[in-house]
Amino acid sequence: CDDGAWFGVGGKFPDHVAHLLVVENGDAVAAARYRRIQPQLRLILARLHERVSEENVRSARTIDAADRELIRMEYAALALVGRGRFMEARAIVRGARYEHLANVYLEETRRLAAQSAERLRDLEWRRDSYLQGMVLLCGAALALFVVWWVLLLIPTRRWGNSLQTARRD
């Protein structure tokens, strides 16, 4: 199910789902819950931002900026809901600016996830190549050891047989 189709607003990211339901239904308990959860969501985003690779910094900054603006708009809408001004609150979350920011948030998050998945595939390929190289190197070392052993064993046996024959004579 497409989030946008489900909520009637194109491409909303699930972080903002609870807020949209609050504004649409005017649920004060849900509004309080959203206010408790939102700082945790920001903390998760901040931690992600700290761990993002250099090539993904732009996407992370764009996500962060869009998220901050969405949060500002959401709190404004929640304040309006708290005062019973539902139409004004709905106008904020159904507005073109909110929809644009939510789409930016969603698209950049998708881009970041795709780039991260590509980087992970690259790292896995490198790891697999390294491990294959190590297996081949160990196999080559083992083969060299067997060849060395055979080359050493044959002359040593001959020498031992010659020594034994010389002792008997």
Side-chain angles (χ1 to χ4, degrees), residues 1-22 30 32-75 97-169:
C1 172
D2 177 43
D3 293 335
W6 204 42
F7 295 103
V9 181
K12 294 294 180 279
F13 200 70
D15 287 8
H16 305 288
V17 168
H19 174 264
L20 293 174
L21 291 173
V22 169
R33 188 173 335 124
Y34 178 77
R35 285 190 172 107
R36 258 192 344 269
I37 291 172
Q38 187 57 44
Q40 295 169 359
L41 295 173
R42 286 294 310 152
L43 181 62
I44 291 168
L45 190 59
R47 286 181 181 160
L48 175 66
H49 190 68
E50 290 171 3
R51 295 179 181 160
V52 74
S53 63
E54 284 300 316
E55 68 255 12
N56 294 329
V57 168
R58 189 190 67 71
S59 287
R61 286 183 181 152
T62 302
I63 291 167
D64 189 51
D67 188 55
R68 287 179 188 275
E69 182 64 15
L70 285 167
I71 290 169
R72 188 193 64 72
M73 294 173 79
E74 290 163 356
Y75 277 121
R97 175 81 178 140
Y98 188 91
E99 183 172 346
H100 168 73
L101 288 169
N103 285 330
V104 166
Y105 186 100
L106 178 64
E107 290 305 314
E108 288 298 322
T109 301
R110 286 180 179 160
R111 180 175 302 139
L112 185 62
Q115 289 171 341
S116 296
E118 183 178 328
R119 180 157 170 77
L120 181 60
R121 279 190 302 275
D122 182 51
L123 290 172
E124 287 173 343
W125 180 84
R126 288 180 185 190
R127 180 204 60 208
D128 291 347
S129 296
Y130 173 79
L131 291 174
Q132 288 172 353
M134 288 294 106
V135 167
L136 288 173
L137 185 62
C138 289
L142 181 60
L144 285 173
F145 179 75
V146 168
V147 167
W148 173 79
W149 182 257
V150 168
L151 291 176
L152 180 67
L153 185 62
I154 291 172
T156 304
R157 273 200 162 202
R158 283 187 190 149
W159 177 76
N161 289 340
S162 296
L163 184 62
Q164 198 174 29
T165 304
R167 285 186 186 162
R168 273 190 259 152
D169 291 338

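FYI, side chains are in, hydrogens and waters are out, and symmetry mates aren't considered; it's all heavy atoms of this structure.
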[X] to [Y] - nearest heavy-atom pair and separation:
X	Y	value
Y75	P39	OH-CD, 4.4 Å
A66	V104	CB-CG1, 4.2 Å
E74	Y98	OE2-OH, 2.6 Å

Tell me, please, which residues at least two apart from [X] pass side-chain hydrogen bond (donor to acceptor under 3.5 Å, both in side chains).
X	answer
Q115	none
D128	none
R119	none
R97	none

Let me confirm one number: the [atom1]-[atom2] distance from [X] to [Y], rounded to the nearest 0.5 Å.
X	Y	atom1	atom2	result
S116	R121	OG	CZ	10.5 Å
L106	I63	CG	CD1	9.5 Å
D67	R72	CG	CZ	13.0 Å

Does N103 reach the main-chain N or O of E99 with its side chain, forming a donor-acceptor pair under 3.5 Å?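 Yes, the answer is positive, given that a donor and an acceptor are paired below the 3.5 Å cut-off.
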
Sort and list the pairs that fulfil side-chain hydrogen bond (donor to acceptor under 3.5 Å, both in side chains) and have at least one residue in residues 136-165, not counting sequence neighbours.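 Every candidate side-chain hydrogen bond (donor to acceptor under 3.5 Å, both in side chains) pair involving residues 136-165 fails, so no pair, neighbours aside, qualifies.
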
For E118, check salt bridge (charged side-chain N to carboxylate O under 4.0 Å, His left out) against everything at least two apart and list the hits.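 E118 satisfies salt bridge (charged side-chain N to carboxylate O under 4.0 Å, His left out) with no other residue.
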
Salt-bridge present (E108, R111; N to O < 4.0 Å):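 Looking at R111 together with E108, the answer is yes, because their closest N to O distance falls below 4.0 Å.
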
NZ/NE/NH1/NH2 to OD/OE distance under 4.0 Å, E107 and R110: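 A salt bridge links E107 with R110.
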
Is there a side chain to side chain contact (heavy atoms under 4.5 Å, CB included) between L131 and V135 once you walk through the steps? CA-CA 6 Å; L131 291 174; V135 167; 5.5 Å; no

Is atom CZ of R127 surrounded by more than 12 heavy atoms (other residues, nucleotides or ligands) closer than 6.0 Å?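 Buried by this count: over 12 neighbours within 6.0 Å.
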
